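Counting from 1, the numbers follow the sequence of the chain as shown. Remember, predicted model here, so these are calculated numbers, not experimental data.
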Amino acid sequence: MKYFVSEDSIVRSIWGKADTVLFIFAGAAAEFALNKAVDWLYFTGNLPADPLARLFSTVEYSKKILFSKYDDALWAIDKITAIHKGVETARGMEIPQWAYRDVLYLLIDYSVRSFELLERKLTDNEKRELYDVFYRLGKRMQIQDLPQSYSEWIVMRENHLKENLVCSTFTIDLYRQYRKHLGTGRYLLLKQVQMLLVPNQVFKLLNFNSLQWLGPVLGLYKLAKQLKLDWLLKEAILPPKYKLQIKGLDN
């Protein structure tokens with residue numbers, strides 16, 4: 001049986017763990033807020049209205065792509081493309097190609113950063129394998145000018161971070177919505193996760209301070225994983241009504 005991502009792929013190891021997926025989207029939430037094309041996420045109103053629902057909707061499509069049979073994965077990718085085309089039609093303009101690349105690039109980057117923070121360092125071959133999966137996803141979505149290799153992607157990723165991020169009124173409002181939907185305690189935890197994950201450019205633009213207390217706690221969390229108690233932190237990150245969705249992230 002053919003899959004879009006092979007069953008023994010490192011990509012499945014990364015995206016098959018709830019804590020890693022939550023960290024990926026914690027980092028993405030920071031960078032989304034700074035992207036110069038974030039107004040597109042405000043056009044439909046879905047993201048500011050309910051950021052958590054948007055998170056699990058995105059995760060659902062990601063799972064369909066990374067853990068499904070080949071044809072089912074292509075269907076999921078084409079569905080995402082169709083949704084974006086519908087938004088473009090409704091707004092009467094096209095989403096910039098660099099914005100499509102930005103989203104693809106941050107998923108690659110935070111996949112690496114999250115797994116290495118929570119598990120272990122990835123090998124160069126594993127990073128290339130990860131890039132290949134998302135490269136094929138991007139090509140299916142008809143995203144233009146994608147770098148041909150992981151090493152080329154590293155250079156382009158740095159350029160995108162320098163050119164396409166800005167702290168705007170959308171940034172401020174989106175963080176206001178994060179706090180509203182998460183509550184103060186979980187919001188502060190989200191920011192701690194982001195401070196551990198994000199690149200320097202994102203860290204500076206969001207004006208994060210140097211008060212970081214989550215790093216030492218991660219050692220205890222890794223011990224809790226060995227004792228099968230890690231579900232306590234997973235449920236602490238998101239509100240109780242998302243309990244079943246959080247458990248569903250483990251694959």
Positive for ring pair (Phe, Tyr, Trp, His ring centres under 6.0 Å) with H160, one of Y100, Y105, W98: Y105

Gap between atom CZ of R113 and atom CG of L106 - 0.5 Å precision: 11.0 Å

Q194 to A29 - nearest heavy-atom pair and separation: NE2-CB, 3.8 Å

Heavy-atom donor-acceptor pair, K63 side chain to W15 backbone, under 3.5 Å: yes

Student check: side-chain heavy atoms of Y70 and F4 closer than 4.5 Å: yes

Under-4.0 Å salt bridge between D132 and R136: yes

Pair F203 and F208, ring centroids less than 6.0 Å apart: yes

Side-chain touch V198/L206, heavy atoms, less than 4.5 angstrom: no

Shortest non-hydrogen separation from M141 to I77 and the atoms involved: CG-CG2, 3.5 Å

Note, F67 side chain near V5 side chain (heavy atom, < 4.5 Å): no

OG1-CD1 distance between T20 and I14, expressed to the nearest 0.5 angstrom: 8.0 Å

CA sep, side-chain torsions, deciding dist, call: V112, E126, side chain to side chain contact (heavy atoms under 4.5 Å, CB included): CA-CA 10 Å; V112 173; E126 288 172 332; over 6 Å; no

Closest contact, heavy atoms only, K64 versus A76: CB-CB, 3.9 Å

E158 bridged to K162 by N-O distance under 4.0 Å: no

R140 and D78 ion-paired at < 4.0 Å: yes

Pair T81, Q142: side-chain N/O donor-acceptor within cut-off below 3.5 Å: no

Contact summary for Q144 and R101, nearest pair of heavy atoms: O-NH1, 2.9 Å

Nearest-0.5 Å distance that lies between atom CZ in R179 and atom OH in Y187: 6.0 Å

Whether Y135 and Y131 hold their rings parallel, tilted or perpendicular, with breakpoints at 30° and 60°: tilted

Separation of F23 CZ from E116 CD (nearest 0.5 Å): 14.0 Å

Min side-chain heavy-atom separation V193-L22 under 4.5 Å: no

Straight-line distance of F25 CZ to L197 CG, nearest 0.5 Å: 13.0 Å

Closest non-hydrogen atom pair between T171 and A33, with its separation: OG1-O, 2.6 Å

Student check: side-chain heavy atoms of D39 and R91 closer than 4.5 Å: yes

Shortest non-hydrogen contact from S68 toward A73: CB-N, 4.1 Å

Geometric class of the F170/Y42 ring pair [parallel <30°, tilted 30-60°, perpendicular >60°]: tilted

Side-chain touch I65/S62, heavy atoms, less than 4.5 angstrom: no

Under-4.0 Å salt bridge between E88 and K85: yes

Connected via hydrophobic side-chain network under 4.5 Å: Y3 and W75: no

Cluster link L137 to Y61, ILVMFWY, side chain under 4.5 Å: yes

Min side-chain heavy-atom separation W40-M93 under 4.5 Å: yes

Shared hydrophobic cluster, L188 / L190 (ILVMFWY, side-chain heavy atoms < 4.5 Å): yes

L117 side, atom CG; I24 side, atom CD1 - distance, nearest 0.5 Å: 11.5 Å

Within-4.5 Å side-chain heavy-atom neighbours: F115 and R120: yes

Side-chain ion pair, R157 and E31, N-O less than 4.0 Å: yes

